[in-house]
Amino acid sequence: MPPIAAAPEAIDSTIHAVATEARTGLTSPRKTLAPWLFYDEAGSILFEQITELPEYYLTRTERSIFAAHADEILREAAGGDRQTLTLIELGAGTAAKTGVLLAAAVRRQGSVVYQPVDVSETALAVASETIQANLPGVTVRCQVADYTREPLPLDRLPGLRTLALYIGSSIGNFSPGDAEALLRNVRAQLLPGDKLLLGTDLGPGPKKSIATLLAAYNDAAGTTAAFNRNVLTRLNRDLGCDFDPRRFLHRALWNPTHSRIEMHLESLAHQRVRVPGNSAGPALTLTFTPGETVHTENSYKFTPAAIEALLRSADFAITGSWHDENHLFAVTLANAV
Ligand code: AVI
């Protein structure tokens with residue numbers, strides 16, 4: 001979500017980043033758009049709606065794991081040695097899922113300092129207000145930052161152990177290489193003994209069909225389709241392009257080779273789209289053939305072995321893991337080694 005009142009230079013730099021991304025992605029032989037482009041104001045609202053869809057099991061399953069195991073997770077994170085924890089959350093958004101963990105931290109240690117990090121000042125303002133109204137033992141210290149590009153702005157409190165939260169399967173939207181780099185960046189800001197709690201969506205299994213996965217990204221109400229197409233509306237608004245989003249079909253596919261759901265926008269016709277010139281480059285005319293797609297998102301689905309390998313590659317060792325009874329989703333606690 002964009003900041004409530006971004007300074008003009010912040011708006012310019014966002015538009016420049018949008019233009020650079022769109023030009024690079026849409027002129028490559030296989031057209032792509034990076035998933036961060038989804039999250040303008042309308043896209044952020046659509047994403048919140050997705051998390052409440054009956055087909056989108058991820059959010060409510062992770063929440064149910066927290067509800068069932070929050071005390072155990074916090075006890076493990078404190079190492080059973082009564083260490084006092086401070087919680088930092090990457091991409092916290094409105095922190096809707098974090099309340100259960102914060103309540104468990106307050107039960108355990110009486111009070112807790114919570115540092116949510118997000119690019120959206122608006123979302124952090126909501127997080128701060130909601131938590132302070134509902135959880136009196138929590139001190140909230142918001143940090144507006146893009147943790148994917150900058151070093152993690154960790155405000156280390158002397159004598160406290162840090163529990164870093166990266167939940168909601170956000171790690172699944174990064175390529176394996178980028179996911180490793182991101183976790184290495186997190187690890188670099190932690191001390192040995194600090195912890196990471198990672199939420200990951202799981203791949204198909206005996207109780208989880210590919211149909212379940214596909215439905216989560218192709219819901220009956222069309223909310224995910226609207227979320228996907230909204231990226232074209234954003235390019236029209238931010239860059240002055242002339243996409244007709246109705247001439248692109250939302251597609252979600254399962255890629256078994258890479259264990260990921262892919263989202264695409266498929267051109268319904270032969271069409272041309274104009275990208276006006278700006279600070280990122282001269283005017284362009286893009287051509288789309290019928291059936292050609294713009295690849296807009298990957299959402300990687302993990303096996304327990306893949307979670308372990310990813311964490312190990314960033315110098316974390318698993319100390320606990322929890323999942324729902326249908327093995328839809330996993331929450332993994334890892335120690336910074
Ligand atoms: C934010 N992220 C974890 C979501 C996901 O499931 O990959 C984004 C999303 N894309 C379509 N629906 C939800």
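For ligands, and for the atoms within them, numbers begin at 1 and follow the listed sequence.
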Asks: Do me a favour and list the nearest non-hydrogen protein atom to atom 7 (O) of ligand 1 with residue, atom name and distance?
Replies: Ser299 OG, 2.7 Å
Asks: So, do Phe288 and Phe248 have ring centers that fall under 6.0 Å from each other?
Replies: yes
Asks: Under a 4.0 Å threshold between the charged nitrogen and the carboxylate oxygen, would Asp71 count as salt-bridged to Arg107?
Replies: yes
Asks: May I ask you to check whether Phe329 and Tyr57 place their ring centres under 6.0 Å from each other?
Replies: no
Asks: Show the atoms of ligand 1 that are less than 4.0 angstrom away from any heavy atom in Tyr39.
Replies: 1 (C), 8 (C)
Asks: Would you say Asp40's side chain and Arg234's backbone share a donor-acceptor pair under 3.5 angstrom?
Replies: no
Asks: Under 3.5 Å between any N/O of Glu297 and any N/O of ligand 1: does that happen in this structure?
Replies: yes
Asks: Could you tell me which atoms of ligand 1, counted from 1 in the order shown, lie closer than 4.0 angstrom to a heavy atom of Ser169?
Replies: 3 (C)
Asks: Would Asp201 and Lys208 pass as an ion pair if we require N to O under 4.0 Å?
Replies: yes
Asks: Would Phe227 count as a contact residue for ligand 1, given that I'm defining contact as a non-hydrogen atom of the residue lying under 4.0 Å from a ligand atom?
Replies: yes
Asks: Is Asp315 paired with Arg187 through a side-chain N to carboxylate O contact shorter than 4.0 Å?
Replies: no
Asks: Would one find an N or O of Ser170, backbone or side chain, under 3.5 Å from an N or O of ligand 1?
Replies: no
Asks: Which heavy atom of the protein is the closest neighbour of atom 2 (N) of ligand 1, given with residue, atom name and distance?
Replies: Asn173 OD1, 2.8 Å
Asks: Give the numbers and elements of all ligand 1 atoms closer than 4.0 Å to a heavy atom of Gly168.
Replies: 3 (C)
Asks: Under 4.0 Å, counting heavy atoms only: does Gly172 come that close to any atom of ligand 1?
Replies: no
Asks: Quick check on contacts: which atoms of ligand 1 are under 4.0 angstrom from a heavy atom of Phe47?
Replies: 1 (C), 4 (C), 8 (C), 13 (C)
Asks: For the CD1 atom of Ile65 and the CD atom of Glu325, what is their distance to the nearest 0.5 Å?
Replies: 11.0 Å
Asks: Evaluate Tyr56 for polar contact with ligand 1, using N/O atom pairs at a separation under 3.5 Å.
Replies: yes
Asks: Hey, does Tyr300 sit under 4.0 Å from ligand 1 if you only count heavy atoms?
Replies: no
Asks: Would a line drawn from the ring center of Tyr217 to the ring center of Phe227 be shorter than 6.0 Å?
Replies: no
